[in-house]
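We count ligands from 1, going down the list as the structure has it; atoms in each ligand are counted the same way.
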Amino acid sequence: MFPKDFVWGAATASYQIEGAVNEDGRVPSIWDTFSATPGNVENGDTGAVACDHYHRYKEDVALMKQLGLKAYRFSIAWGRVLNGQQVNQRGLDFYSRLVDELLAAHIQPWVTLYHWDLPQNLQDEGGWTNRAIVEKFAHYADVVTRALGDRVKHWITFNEPWVFTYLGYGIGYHAPGISSLPAYLSAAHHFLLSHARSVPIIRGNSPDSKVGVTLDISQPEGDPRAVARQRDFHNHWFLDPIYFGEYPQELFTVYQEMGYLPDIQDGDLEAIQGKPDFLGINYYTRQVVEYDESDPLHLTRWVHQPESEYTEMGWEVAPESIYRMLKYINDRYAPDAMVITENGAAFADEVSDDGQVHDPRRVAFYDAYLRNCLRAIQEGVPLKGYFAWSLLDNFEWAFGYSKRFGIIYVDYETQQRIPKDSAKWYSQLIKRNGFE
Ligand code: IFM
């Protein structure tokens with residue numbers, strides 16, 4: 001059995017599901033621009049329609065209720081609620097209606113402020129590489145939490161900073177498509193400042209709320225030298241400043257010698273340090289690593305495990321690694337609370353002749369990962385909740401619609417939703433608050 005009050009939810013993100021990109025005053029995001037550029041996204045897919053959730057949110061909340069979800073994690077599209085510095089009331093109203101619909105269904109809204117869809121007008125001023133973004137983000141956080149803070153009691157400032165800074169600014173695989181390590185490190189530093197700057201604003205506007213941040217934790221396993229570097233690069237670079245008020249020393253020196261360090265001003269690290277109310281963790285897979293001297297920055301080569309199962313993303317199914325990851329993060333940072341804000345798997349789902357979607361591999365995935373979460377809880381890890389990624393099949397960034405992560409199948413032609421077997425399984429698990 002999971003602890004009483006354990007939060008069972010499912011998660012999505014604005015650009016991946018909403019569609020309606022030109023409606024009610026929304027301004028374009030970097031993902032509109034990026035996906036409109038041929039070659040960036042598989043199949044030329046974009047989020048223009050996605051799951052049409054903007055129009056179908058009531059139907060989607062009804063499905064959540066039917067499944068018995070206790071919580072729903074979604075993100076706000078910055079460019080729906082602010083056009084430059086101008087508040088767009090119609091955009092705010094959409095999220096207000098969604099929150100009311102959730103509360104009426106007894107589902108807690110968990111709101112992520114930033115899940116990668118930066119307004120293009122801010123990118124035109126340098127986006128996350130321009131220190132001015134810190135005040136822009138503070139303003140945005142203020143606008144959203146003033147409007148929703150009376151009803152939303154769980155806030156996540158950012159989703160996966162490593163992904164949007166490194167993939168977006170470091171290697172150009174995500175929007176805005178920039179390939180520069182100094183730009184990456186500058187974006188990462190401004191993320192840290194923006195997170196820290198927004199926390200007191202959120203707390204002020206949303207009394208009695210919990211404020212956290214979500215990271216995608218990497219779990220390298222193998223050669224200790226490679227493990228140490230990969231953890232520094234992917235995890236500690238973001239978490240050490242928040243929990244300890246410093247960057248990891250060894251990697252800091254490496255970046256310093258490369259001349260890549262961002263502009264770290266006096267007082268920045270003191271401002272950044274501050275324990276969040278909860279640490280959100282998105283976790284999917286481990287990386288088995290070998291030491292690789294030929295890559296002086298990463299020192300790491302990933303090794304394929306021929307005996308393992310892999311998902312459609314090419315990610316190893318490694319359920320016991322979530323247990324080891326939770327223990328390592330708990331030992332290093334001792335967070336007050338941890339929440340798995342995403343976990344799930346993409347498989348090539350199809351609608352069967354009986355009109356249902358049978359996804360036994362996803363059911364097995366969830367079952368095995370959750371058993372390992374329970375084991376960590378039983379050993380004292382303060383894991384307070386779990387969100388399946390994702391509620392719906394959706395726009396999987398550079399992969400477009402080719403990867404299906406949903407527990408609910410979406411027919412993109414008709415927008416019909418079909419709860420997969422995994423959704424039914426999850427619903428039963430929630431009802432029992434544990435395994436059979
Ligand atoms: O779809 C993404 C999500 O936006 C962030 N975390 C990982 C998911 C699967 O790749």
[X]/[Y] ion pair, N-O < 4.0 Å:
X	Y	value
R73	E342	yes
E320	R286	no
R417	D393	no

Legend entry - Close N or O approach (W116, ligand 1; < 3.5 Å):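 The answer is no, given that W116 and ligand 1 share no N or O pair closer than 3.5 Å.
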
Inset, instruction - Looking only at distances, please establish whether an N/O atom of ligand 1 is found under 3.5 Å from an N/O atom of N159. - result: no

Legend entry - K403 to ligand 1, any heavy atom closer than 4.0 Å: no

Legend entry - Proximity to ligand 1 by part of W315, non-hydrogen separation under 4.0 Å: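 Just the side chain.
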
Which ligand 1 atoms does [X] reach within 4.0 Å, using its non-hydrogen atoms?
X	result
E342	3 (C), 5 (C), 6 (N), 7 (C), 8 (C)
H115	3 (C), 4 (O), 5 (C)
E160	5 (C), 6 (N), 7 (C)

Inset, instruction - Would you check if the side chain of S427 reaches a backbone N or O of A423 as a donor-acceptor pair within less than 3.5 Å? - result: no

Inset, instruction - For residues L429 and F435, determine if any side-chain heavy atom of one lies less than 4.5 Å from a side-chain heavy atom of the other. - result: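 A side-chain contact under 4.5 Å exists here.
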
Inset, instruction - Flag the pair L67 / M64 as yes when at least one side-chain heavy-atom distance between them is below 4.5 Å, and no otherwise. - result: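 Not in contact.
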
Legend entry - Identity and separation of the nearest protein heavy atom to atom 1 (O) of ligand 1: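 Answer, as residue, atom name and distance: E396 OE1, 2.6 Å.
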
